[in-house]
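Some notes on the structure that comes next.
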Amino acid sequence: MSAPAAAAITGAGSGIGRELALACAREGLAVALTDIEPATLAQTAVMAEALGADVLARACDVGRADHVEAFARECDARFGGVDWLFNNAGVAILGPAWAATDEDWQWLWSVNVRGVANGVRSFVPRMMARGTRAHVVNTASAAGLATLAGSSVYSATKHAVVAFSECLARDLEQAGADVGVSVLCPSLLPTGIHQSGRNRPSALANTVAPAAAYDERVRQGMAASPIDAADVAAMTLDAIRARRFYVVPHAQTGDSVRRRMQAILDDHRALHPGVAARTHQE
Ligand SMILES: NC(=O)c1ccc[n+]([C@@H]2O[C@H](COP(=O)([O-])OP(=O)(O)OC[C@H]3O[C@@H](n4cnc5c(N)ncnc54)[C@H](O)[C@@H]3O)[C@@H](O)[C@H]2O)c1
């Protein structure tokens with residue numbers, strides 16, 4: 001089995017994406033970096049080059065299928081394709097479910113869900129055609145495994161990313177492709193995510209004031225994180241090597257997942273007492 005030679009990372013200008021880029025560079029991989037923010041993207045490129053990596057950096061909006069396809073073509077031309085793809089770019093808003101505007105939905109769906117779908121559509125067929133071992137990591141969130149008041153739109157997009165990734169893994173398995181999949185589900189940790197509005201397109205500008213109370217809760221949650229973006233990147237690379245699907249970096253996430261699953265099973269058992277003990281396989 002040959003070692004991975006190149007990785008593509010979206011949202012590489014900041015936070016988890018930057019640390020994924022640097023972790024790949026330290027592993028000796030060439031890195032193809034993209035972000036909607038050219039200045040921070042250029043900073044990550046300089047940092048990766050300083051680690052000795054061959055770097056391709058191109059600004060792109062992951063919500064635009066044509067941008068992502070052009071990026072994949074450039075990766076082909078420069079590196080002969082990539083072995084690892086990190087669909088990581090993401091944005092967040094907070095507030096009660098009923099206050100989410102149509103623009104909120106369009107923006108988050110475009111970046112968080114269609115961004116991942118665009119990456120998969122452009123890169124995965126290329127990986128399958130090359131036939132060498134490859135891996136895709138989609139960044140979801142703990143908010144894609146459980147739910148929290150104030151995170152309805154974000155959580156809906158991240159649940160979509162988890163479901164999409166699960167189906168992608170099944171489709172690849174059924175196709176007999178040597179392309180692994182992982183879904184990254186961190187809880188709150190300090191990055192630029194609470195300032196996502198910096199990249200919000202003017203055509204989808206916020207039409208209601210952001211909810212300050214939620215903002216404070218997020219800041220506190222970030223400050224309390226026992227791990228940082230570099231830890232998350234290291235855990236993610238370990239998961240690729242082990243071909244682990246769910247990458248859940250925060251220990252406490254297990255409790256919220258267990259509570260949610262238990263509530264589903266309890267309500268199911270209340271409706272169907274006779275089948276409660278049966279092991280169900282789809
Ligand atoms: N930080 C957390 O607490 C946390 C928790 C769970 C999941 N996540 C997820 O981690 C991923 C990375 O976010 P982060 O926390 O590092 O935040 P971040 O804001 O530091 O980084 C996100 C990057 O995505 C880029 N981006 C935004 N819109 C884009 C677009 N349309 N096209 C291309 N790039 C775009 C931003 O410019 C930024 O560089 C996101 O998917 C986020 O939802 C973060």
Side-chain angles (χ1 to χ4, degrees), residues 8-23 32-45 57-68 70-71 86-94 106-119 137-146 148 151 153-162 164-165 183-204 215 217-233 235-236 247-250 252-253 256:
I9 300 118
T10 75
S14 173
I16 297 170
R18 172 172 286 176
E19 293 301 334
L20 286 168
L22 300 181
L33 312 176
T34 190
D35 200 286
I36 202 165
E37 242 186 284
T40 56
L41 176 64
Q43 287 167 5
T44 306
R58 283 290 173 272
C60 105
D61 176 354
V62 293
R64 290 274 307 267
D66 56 338
H67 286 196
V68 177
F71 179 55
F86 298 88
N87 284 313
N88 165 78
V91 289
I93 54 155
L94 296 165
Q106 286 186 54
W107 179 43
L108 261 73
W109 198 261
S110 165
V111 182
N112 294 1
V113 183
R114 291 177 60 195
V116 172
N118 289 337
V137 177
N138 295 330
T139 304
S141 168
L145 301 173
L148 208 62
S151 68
V153 184
Y154 182 72
S155 201
T157 64
K158 294 301 188 178
H159 275 255
V161 172
V162 171
F164 181 71
S165 305
V183 64
L184 173 58
C185 301
S187 186
L188 278 172
L189 70 143
T191 65
I193 193 80
H194 60 304
Q195 292 157 338
S196 292
R198 69 194 188 276
N199 293 312
R200 187 165 176 152
S202 52
L204 299 176
D215 220 43
R217 199 183 66 196
V218 166
R219 279 173 207 280
Q220 286 174 7
M222 283 183 164
S225 175
I227 54 173
D228 63 16
D231 297 322
V232 171
M235 288 175 179
T236 306
V247 190
V248 185
H250 289 79
Q252 80 266 17
T253 307
S256 11

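Computed from a predicted model, the values in this text were never measured in an experiment. Order of listing sets the numbers, starting from 1, for every ligand and every atom in it.
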query: For atom 13 (O) of ligand 1, what's the nearest protein heavy atom and its distance?
result: I193 CD1, 3.9 Å
message: Under a 4.0 angstrom heavy-atom cut-off, which atoms of ligand 1 come close to A140?
response: 7 (C), 9 (C)
Close side-chain approach of R200 to I93, heavy-atom, < 4.5 Å: yes
- line: ligand 1 to G15, heavy atom cutoff 4.0 Å, flagged ligand atoms 16 (O), 20 (O)
field: Proximal candidate to atom 28 (N) of ligand 1 [heavy atom criterion; set D61, T253, V91, T157]
entry: V91
- prompt: Is the closest heavy atom of H194 to ligand 1 under 4.0 Å?
  reply: no
- request: Give the residue and atom name of whichever protein heavy atom lies nearest to atom 39 (O) of ligand 1, and the separation in Å to one decimal.
  value: D35 OD2, 2.5 Å
message: Could you identify the single nearest non-hydrogen protein atom to atom 24 (O) of ligand 1 and state the distance to 0.1 Å?
response: G11 CA, 3.5 Å
statement: Quick note on ligand 1: atoms under 4.0 Å from a heavy atom of L188 include exactly 3 (O)
- prompt: Which atoms of ligand 1 are found less than 4.0 Å from any heavy atom of S141?
  reply: 6 (C), 7 (C)
- prompt: Got L189 and H250 here, is their nearest side-chain heavy-atom distance under 4.5 Å?
  reply: yes
- prompt: Are any of the N or O atoms of G192 closer than 3.5 Å to those of ligand 1?
  reply: yes
- prompt: Below 4.5 Å, heavy atoms only, C-beta onward: do T191 and M222 meet side chain to side chain?
  reply: yes
field: Part of R198 within contact of ligand 1 (heavy atoms, under 4.0 Å)
entry: side chain
statement: Under 4.0 Å between heavy atoms, the region of Q195 that gets near ligand 1 turns out to be neither
message: Considering T44, D228, T139 one by one, which has a heavy atom nearer to atom 9 (C) of ligand 1 than any of the others?
response: T139
field: N138 side chain to N87 backbone, donor-acceptor under 3.5 Å
entry: no
- prompt: Quick one: are C185 and V162 in side-chain contact, heavy atoms under 4.5 Å?
  reply: yes
T40 side chain reached by T44 side chain, heavy atoms, under 4.5 Å: no
- request: Indicate yes or no: at least one non-hydrogen side-chain atom of E37 is less than 4.5 angstrom from one of S14.
  value: no
field: Side-chain heavy-atom pair T139, V161 within 4.5 angstrom cut-off
entry: no
- line: Near G90 (heavy-atom distance under 4.0 Å), the atoms of ligand 1 are 22 (C), 24 (O), 40 (C), 41 (O)
- prompt: So which heavy atom in the protein is nearest atom 1 (N) of ligand 1, and how far is it from that ligand atom?
  reply: T191 OG1, 2.9 Å
field: Main-chain N/O of A143 paired with S155 side-chain donor or acceptor, under 3.5 Å
entry: yes
- line: Nearest non-hydrogen contact to atom 33 (C) of ligand 1 from the set C60, G63, A59 belongs to C60
- prompt: Is there side-chain contact between P249 and L184, with heavy atoms separated by less than 4.5 Å?
  reply: yes
message: Taking 4.0 Å as the limit for heavy-atom contacts, which would you say applies to V62 with ligand 1: side chain only, backbone only, both, or neither?
response: both
- line: atom 6 (C) of ligand 1 has as its nearest protein heavy atom P186 O, 3.1 Å
query: By number and element, which atoms of ligand 1 are closer than 4.0 Å to a non-hydrogen atom of S187?
result: 3 (O), 5 (C)
message: For S225, which part has a heavy atom under 4.0 Å from ligand 1: side chain, backbone, both, or neither?
response: neither
Protein contact of atom 20 (O) of ligand 1 - nearest heavy atom, named by residue and atom, plus distance: S14 OG, 2.5 Å
field: R198 side chain to Q195 backbone, donor-acceptor under 3.5 Å
entry: yes
message: Just to confirm my output: which protein heavy-atom neighbour is closest to atom 43 (O) of ligand 1, and how far is it?
response: Y154 OH, 2.6 Å
message: Could you check whether any side-chain N or O of H159 sits under 3.5 Å from a backbone N or O of Y154, counting only pairs where one atom can act as donor and the other as acceptor?
response: no
query: Which of these, I16, V218, N88, V116, has its nearest heavy atom closest to atom 11 (C) of ligand 1?
result: N88
query: How far is atom 29 (C) of ligand 1 from its nearest protein heavy atom, and which residue and atom is that?
result: I36 CG2, 3.7 Å
